[in-house]
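Below, all heavy atoms of this structure are taken into account, side chains as well, without hydrogens, waters or symmetry copies.
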Amino acid sequence: MNKNPLNHQLETAVKLRHCWCSEKPLPCSSRNSASMESLNTFTNPLNPPSPRRIPLKPFQIHHHHPKSTQRNLSSPISCKLKSSQKDTTKSSTKLISQKILLSENMPPPLAEEEDGVEAEKPLENDKNGAMGMWLKRLPRRVLSVLSNLPLAIGEMATVAALMALGTIIDQGEAPDFYFQRYPEDNPALGFFTWRWVLTLGFDHMYSSPIFLGTLVLLGTSLMACTYTTQIPLVKVARRWNFLQSSEAIRKQEFSERLSRASVQDLGIILMGSGYEVFLKGPSLYAFKGLAGRFAPIGVHLAMLLIMAGGTLSATGSFKGSVTVPQGLNFVIGDVLGPTGFLSNPSEEFNTEVHVNRFYMDYYDSGEVSQFHTDLSLFDLGGKEVMRKTISVNDPLRYGGFTIYQTDWSFSALQVLKDSEGPFNLPMAPLQINGDKKLFGTFLPVSDTDASSVKGISMLARDLQSIVLYDQDGKFAGVRRPNSKLPIDIGGTKIVIVDAIGSTGLNLKVMALQLS
């Protein structure tokens with residue numbers, strides 16, 4: 001017959017009251033009764049020979065019906081309880097009787113408060129408990145937000161956009177440059193003026209707060225993703241267990257029955273195919289591709305290292321560039337400038353650099369292939385501490401700073417005029433179309449105080465040949481430096497003694513102020 005739902009709840013309550021009951025379902029029966037009694041005795045199945053009486057408080061179940069009158073229902077319950085311990089006696093089961101009061105009224109409070117003060121404590125405890133649970137869950141929620149893929153994609157897109165903007169806007173220029181380049185009376189794109197550049201720090205984009213803050217946020221997202229997603233995946237991938245039943249094996253996505261196969265031979269074959277093999281008795285477990293689980297972690301780590309290095313370079317270093325003619329010198333501290341708020345000068349800033357020689361290599365076509373600079377470093381006492389010839393992609397490193405060979409220029413031309421001299425004629429760069437360099441100088445041959453001065457013009461694209469023109473601008477000839485071959489132009493004998501080049505150097509020093 002069908003069970004009454006109310007009786008089913010009462011049966012469950014009786015089971016919970018007696019924790020020594022068996023985990024198996026208990027056969028119970030109930031019948032309606034109009035009397036109200038309390039449970040008086042029960043028999044302990046763990047000690048059948050000597051039962052004792054234990055009083056138990058009755059518990060109530062209330063159903064509230066606003067429109068109905070109060071009804072008290074009682075139901076006597078008879079249950080057969082089984083002991084969880086093995087008992088060889090026949091008296092391992094006994095009969096228990098209990099009457100439970102059922103009322104439709106709301107249950108009374110657990111404790112009556114006289115002044116209402118005690119009633120507020122549970123509410124305060126609930127609030128404190130809820131606040132504590134919220135604080136415990138806060139780190140997980142923050143990690144969940146930071147490891148969100150759309151957020152990481154947006155951060156990377158923002159970094160890329162800021163880098164592109166830093167490429168378009170000239171970096172490190174004086175404010176007057178931006179006043180003229182982005183005037184307020186003619187803003188770029190209708191709104192972009194010098195105020196945007198200087199206020200947001202776009203004139204030093206890679207050390208600006210916006211760019212560095214975006215990098216920090218992206219790095220935090222990468223670490224959160226690694227901690228919450230990638231590392232757990234690796235841990236799961238490393239877990240392995242043996243399936244003990246054929247039924248479990250057949251439930252796999254792919255399964256096959258090999259009647260004459262040997263587990264040891266199969267393990268050898270799998271190892272030859274690149275699998276990691278584990279044997280345990282007659283069972284075998286093999287897997288491969290675990291290294292692929294580490295690939296995302298490696299990518300995240302590489303990105304974090306790149307961003308950390310870029311941030312330190314942008315905020316805690318000094319940079320500078322200088323063009324020095326052959327035979328001259330400079331002090332490192334005079335050409336370096338700080339790049340960020342962590343930059344701190346060091347003792348190496350007092351090092352003096354002397355350019356011993358500058359020369360270039362050429363292709364067979366005459367184009368420049370490489371240029372070299374012979375440098376010497378001197379301390380404050382004038383002692384040479386290092387000497388090295390640098391070139392492109394072969395810098396000089398000493399005491400925390402690095403000197404790179406980046407460019408070259410034409411400084412001066414030494415000539416003899418009618419066996420007089422030598423005269424050092426400065427070479428000036430000329431504006432031409434294209435990326436090729438062109439330098440020129442002028443040797444006056446008439447009275448320099450006259451209104452129109454005539455002379456000999458000399459042009460050069462590099463240090464290996466000089467093209468000469470007469471007073472009327474007509475081509476006169478070509479001479480190589482150090483050839484000692486004279487050329488007569490309008491009665492003036494000219495000898496090209498030497499071409500003095502200038503080396504273009506970039507200097508960088510990593511110096512952090514952490515205190």
Side-chain angles (χ1 to χ4, degrees), residues 322-330 353-376 387-394 396 403-446 448 453-505:
V322 61
T323 301
V324 185
Q326 176 179 301
L328 299 183
N329 52 15
F330 65 94
V353 182
H354 181 75
V355 180
N356 300 312
R357 185 189 175 201
F358 174 77
Y359 60 97
M360 295 190 293
D361 298 334
Y362 303 91
Y363 294 110
D364 295 338
S365 60
E367 298 291 332
V368 177
S369 63
Q370 182 65 281
F371 31 97
H372 313 266
T373 305
D374 182 11
L375 299 176
S376 292
R387 181 170 182 171
K388 181 181 178 180
T389 299
I390 66 172
S391 58
V392 178
N393 298 326
D394 184 19
L396 181 149
I403 302 178
Y404 299 91
Q405 178 75 72
T406 57
D407 201 358
W408 68 275
S409 182
F410 207 141
S411 176
L413 191 64
Q414 282 188 350
V415 300
L416 294 175
K417 175 185 175 184
D418 295 330
S419 301
E420 296 179 358
F423 300 99
N424 289 331
L425 304 178
M427 299 290 287
L430 304 178
Q431 296 290 338
I432 60 173
N433 296 328
D435 57 351
K436 292 184 178 181
K437 295 183 177 182
L438 180 63
F439 302 89
T441 188
F442 181 79
L443 177 63
V445 295
S446 62
T448 56
V453 179
K454 293 186 177 181
I456 301 173
S457 301
M458 306 176 192
L459 300 178
R461 291 189 178 275
D462 48 48
L463 304 180
Q464 62 180 344
S465 60
I466 309 298
V467 181
L468 294 93
Y469 297 86
D470 61 12
Q471 293 89 334
D472 298 328
K474 297 180 180 179
F475 175 74
V478 178
R479 290 295 182 268
R480 289 183 178 273
N482 299 316
S483 65
K484 298 181 180 180
L485 182 63
I487 182 173
D488 188 276
I489 302 176
T492 303
K493 187 172 65 174
I494 302 296
V495 176
I496 306 296
V497 178
D498 193 9
I500 302 175
S502 297
T503 178
L505 304 175

- Between Ser409 and Thr323, the two heavy atoms sitting closest are CB-CG2, 4.3 Å
- Message: Quick one: does any side-chain atom of Thr441 pair with a main-chain N or O of Pro426 as donor and acceptor, under 3.5 Å?
- Response: yes
- Which atoms form the tightest heavy-atom contact between Leu463 and Met360, and what is the distance? CG-CE, 3.5 Å
- Yes or no on side-chain contact (heavy atoms from CB on, under 4.5 Å) for Leu505 and Tyr404, after CA distance, side-chain angles and deciding distance? CA-CA 6 Å; Leu505 304 175; Tyr404 299 91; over 6 Å; no
- Query: Between Met458 and Met427, which heavy-atom pair has the shortest distance, and what is it?
  - Reply: O-CE, 4.4 Å
- List the steps and the verdict of side-chain contact (heavy atoms from CB on, under 4.5 Å) for Ile403 and Lys388. CA-CA 11 Å; Ile403 302 178; Lys388 181 181 178 180; over 6 Å; no
- Heavy-atom check, side chain of Ile494 versus side chain of Arg479, under 4.5 Å: no
- Task: State the OG1-CZ distance between Thr389 and Arg387, to the nearest 0.5 angstrom.
- Result: 7.0 Å
- Message: Are more than 12 heavy atoms, taken from residues, nucleotides or ligands other than Phe475, located less than 6.0 Å from that residue's CZ atom?
- Response: yes
- Message: For His354 versus Gly327, what's the shortest heavy-atom pair and its separation?
- Response: CE1-O, 3.1 Å
- Item | From Ile487 atom CD1 to Ile466 atom CD1, the distance as rounded to the nearest 0.5 Å | 11.5 Å
- Message: Do Arg480 and Asn482 make a side-chain contact, defined as non-hydrogen atoms from C-beta onward lying under 4.5 Å apart?
- Response: no
- Quick one: pull up CD1 in Ile390 and CG in Leu375 and give me the separation to the nearest 0.5 Å. 4.5 Å
- Note on the structure: Here the salt bridge (Lys or Arg N to Asp or Glu O under 4.0 Å) pairs for residues 405-431, sequence neighbours left out, are Asp407-Lys437
- Query: To the nearest 0.5 Å, how far apart are CZ in Phe439 and CZ in Arg461?
  - Reply: 10.5 Å
- Set of side-chain contact (heavy atoms from CB on, under 4.5 Å) partners for Pro486, sequence neighbours left out: Lys493, Val495
- Query: Residues two or more places apart in sequence or in another chain: which of them pass side-chain contact (heavy atoms from CB on, under 4.5 Å) with Arg357?
  - Reply: Gln326, Tyr359, Asp374
- Query: Would you call Leu430 and Leu459 a side-chain contact if the rule is heavy atoms closer than 4.5 Å?
  - Reply: yes
- Taking the side chain as every heavy atom from C-beta outward, state whether Phe442 and Ile456 have any pair of such atoms under 4.5 Å apart. no
- Message: According to side-chain contact (heavy atoms from CB on, under 4.5 Å), who are the partners of Ser411, at least two apart in sequence or on a separate chain?
- Response: Pro325, Ile500, Ser502
- Task: Can you run down the side chain to side chain donor-acceptor pair (under 3.5 Å) pairs that involve residues 462-472, sequence neighbours left out, and say none if there aren't any?
- Result: Asp462-Gln464
- Residue list, side-chain contact (heavy atoms from CB on, under 4.5 Å) with Gln370, at least two apart or on another chain: Asp361, His372, Ser391, Val392
- Message: Parallel, tilted or perpendicular, judged at 30° and 60°: which one describes the rings of Phe371 and Trp408?
- Response: tilted
- Task: Could you pull out the closest heavy-atom pair between Leu413 and Asp498, with the gap in Å?
- Result: CD1-O, 3.5 Å
